[in-house]
Amino acid sequence: MSGTVPLGALSLAGPHEPRRQGGAPSPFSLVDFQRRTVRYVRISLTDRCNFRCTYCMPAEGVEVVQRPDLLRFEEIVRLVRVFVSMGINRVRLTGGEPLTRRRVVDLIGQIAAIDGLEDLAMTTNGHLLPSLAAPLRAAGLTRLNVSLDTLDADNFARITRQGDLSSVIAGLDAAKEAGFSDIKLNAVMLRGMNDAEAPDLLAYARDSGFTLRFIEYMPIGTDDFWGPKSFISGGELRDILLKAGWTLRLDEGSDAKGGGPARYWAAWPRGVDPASEPGTPVGFITAVSDHFCATCNRVRVSPVGILRECLSTPGALSLRDAMRHGDDDAALAASIRDALDGKVDGHRFEAGQQTFESMVQIGG
Ligand code: SAM
Ligand code: SF4
């Protein structure tokens, strides 16, 4: 299949002019029916992972995608170019574990060279950062989020099943050394497993200059681990911090900060006067208890190239197949634009909706 609109026309359509006067959408801008403008795409490089986090994937029996079925580097780069022509300015690479993809540093270099892309970030478990942080930085990666759910080595091994805490801490040090600033820590909090460690995680983030975000456990996965026994809300976590002596104040302007889903609070440990310093920022990503779907600005691309408009719904458009069947860039853009009409107004996780695919298949 071949498109009828030259790629140049996409930028003329105007990513910064999402809806024309009178309400008709311009043909290729990424604005959905809820008038949410999509500026951000998360691309999964692989469904493979060197960890097996309890909340993310089963311990064994994981079927992995065959390598020829994964998006190739040239396909990923081409997709980013098309997305950028449609107004996307932020890309995050994720997985599975993105650093397990061979020659990932080369890929970063190719994506970073794309004109118009303002922010190229990665979410990683950090295990391979000790050797890769500096090359990633040199290749043009701008920002890093590192998952860290606990500072207790035994608990880390229990939660990740295959992970080693010391390599992740060394990876974080290497990332700082390599010049990454604004490193974020992502901690998925699980009742009875690491919730009591919330104050220690925040103290570590404060001492190390990282920005911690607590993430609510979402009902996404192939097992039945999710439920009231394992879920803990952002509000309950704040109570744990308060009981441990932290002072918390909502940062009212934080909804706009970074265009991300986290709401930020300023935090002061016991004994530090809030009048004496601005406080340590701490984010809460409350996808279940207080969702942020109304301001969602993102889409995802799975490791095999499925466009997923919402985490909670399976996507139908295979961008990989479209490319391998010969679609030109204009046709790809038109398909992406059409698929966006399928972006639901919000998930229903709080009402019992579950997604029975694992995060590694979706691309977290
Ligand atoms: N392997 C990398 C990592 O762990 O950072 C990137 C992929 S991982 C799927 C991306 C993020 O999704 C991680 O921060 C992880 O903690 C989070 N995640 C995975 N399963 C989740 C779930 N069921 N609920 C909430 N967050 C989840
Ligand atoms: Fe792997 Fe990340 Fe999932 Fe943990 S959360 S199993 S590190 S993909």
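Counting convention: from 1, in listed order, for ligands and their atoms alike.
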Do [X] and [Y] have a side chain donor and acceptor closer than 3.5 Å?
X	Y	answer
Asn50	Asn125	yes
Thr123	Arg92	yes
Ser233	Glu216	no

Looking at [X], which atoms of ligand 1 are within less than 4.0 Å of one of its heavy atoms?
X	answer
Tyr217	22 (C), 23 (N), 24 (N)
Val188	16 (O), 26 (N), 27 (C)
Thr94	6 (C), 7 (C)
Cys56	19 (C), 20 (N)
Gly95	7 (C), 9 (C)
Ile220	23 (N)

Judging by distance only, is a nitrogen or oxygen of [X] under 3.5 angstrom from one on ligand 1?
X	result
Thr124	yes
Asp149	no
Met218	yes

Check your understanding: Which atoms from ligand 2 have a heavy atom of Gly96 less than 4.0 Å away?
Key ->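 In order of number, 8 (S).
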Check your understanding: What atoms of ligand 2 come within less than 4.0 Å of a heavy atom belonging to Met57?
Key ->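 Answer, ordered by atom number: 6 (S).
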Practice item. Report the C-alpha distance between Phe214 and Leu241 in whole Å, list the side-chain angles of each, state the deciding distance to 0.1 Å, and finish with yes or no for side-chain contact (heavy atoms from CB on, under 4.5 Å). Key: CA-CA 12 Å; Phe214 291 114; Leu241 293 172; 4.0 Å; yes
Review point. Do the numbers put Arg249 on top of the ring of Trp268, so that NZ or CZ is under 6.0 Å from the six-membered ring centre and no more than 45° off the axis?
Key: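 Yes, Arg249 sits over the ring of Trp268.
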Exercise for review: Assess Arg298 against Tyr40: is NZ or CZ under 6.0 Å from the centre of the six-membered ring, and within 45 degrees of the ring's axis?
Suggested key: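 Not flagged: Arg298 not positioned over aromatic ring of Tyr40.
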Review point. Does ligand 1 have any atom that is closer than 4.0 Å to a heavy atom of Glu216?
Key: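 So Glu216 counts as touching ligand 1.
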Among all protein heavy atoms, pick the one closest to [atom] and tell me residue, atom and distance.
atom	answer
atom 8 (S) of ligand 2	Val360 CG1, 3.5 Å
atom 3 (Fe) of ligand 2	Cys56 SG, 2.4 Å
atom 6 (S) of ligand 2	Cys53 N, 3.1 Å

Are more than 12 heavy atoms, taken from residues, nucleotides or ligands other than [X], located less than 6.0 Å from that residue's [atom1] atom?
X	atom1	answer
Arg102	CZ	no
Glu177	CD	no
Asp115	CG	no

Nearest atoms (heavy-atom pairs only) where [X] meets [Y]:
X	Y	answer
Met86	Ala333	CE-O, 3.3 Å
Val91	Leu117	CG2-CD1, 3.6 Å
Thr280	Arg206	OG1-NH1, 2.8 Å

Exercise for review: Just let me know how Cys49 lines up against ligand 2, side chain, backbone, both or neither, with a heavy-atom cut-off below 4.0 Å.
Suggested key: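 For Cys49, only side-chain atoms sit under 4.0 Å from ligand 2.
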**Study point:** Nearest candidate to atom 6 (C) of ligand 1, where distance is taken over non-hydrogen atoms, out of Ser147, Gly96, Cys49
**Key:**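 Selected option, by shortest heavy-atom distance: Gly96.
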Check your understanding: To which of Lys184, Arg92, Glu97, Arg213 does the heavy atom nearest atom 2 (C) of ligand 1 belong?
Key ->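 Shortest heavy-atom distance from atom 2 (C) of ligand 1: Glu97.
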Check your understanding: Does ligand 2 have any atom that is closer than 4.0 Å to a heavy atom of Gly95?
Key ->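 Distance cut 4.0 Å: Gly95 fails for ligand 2.
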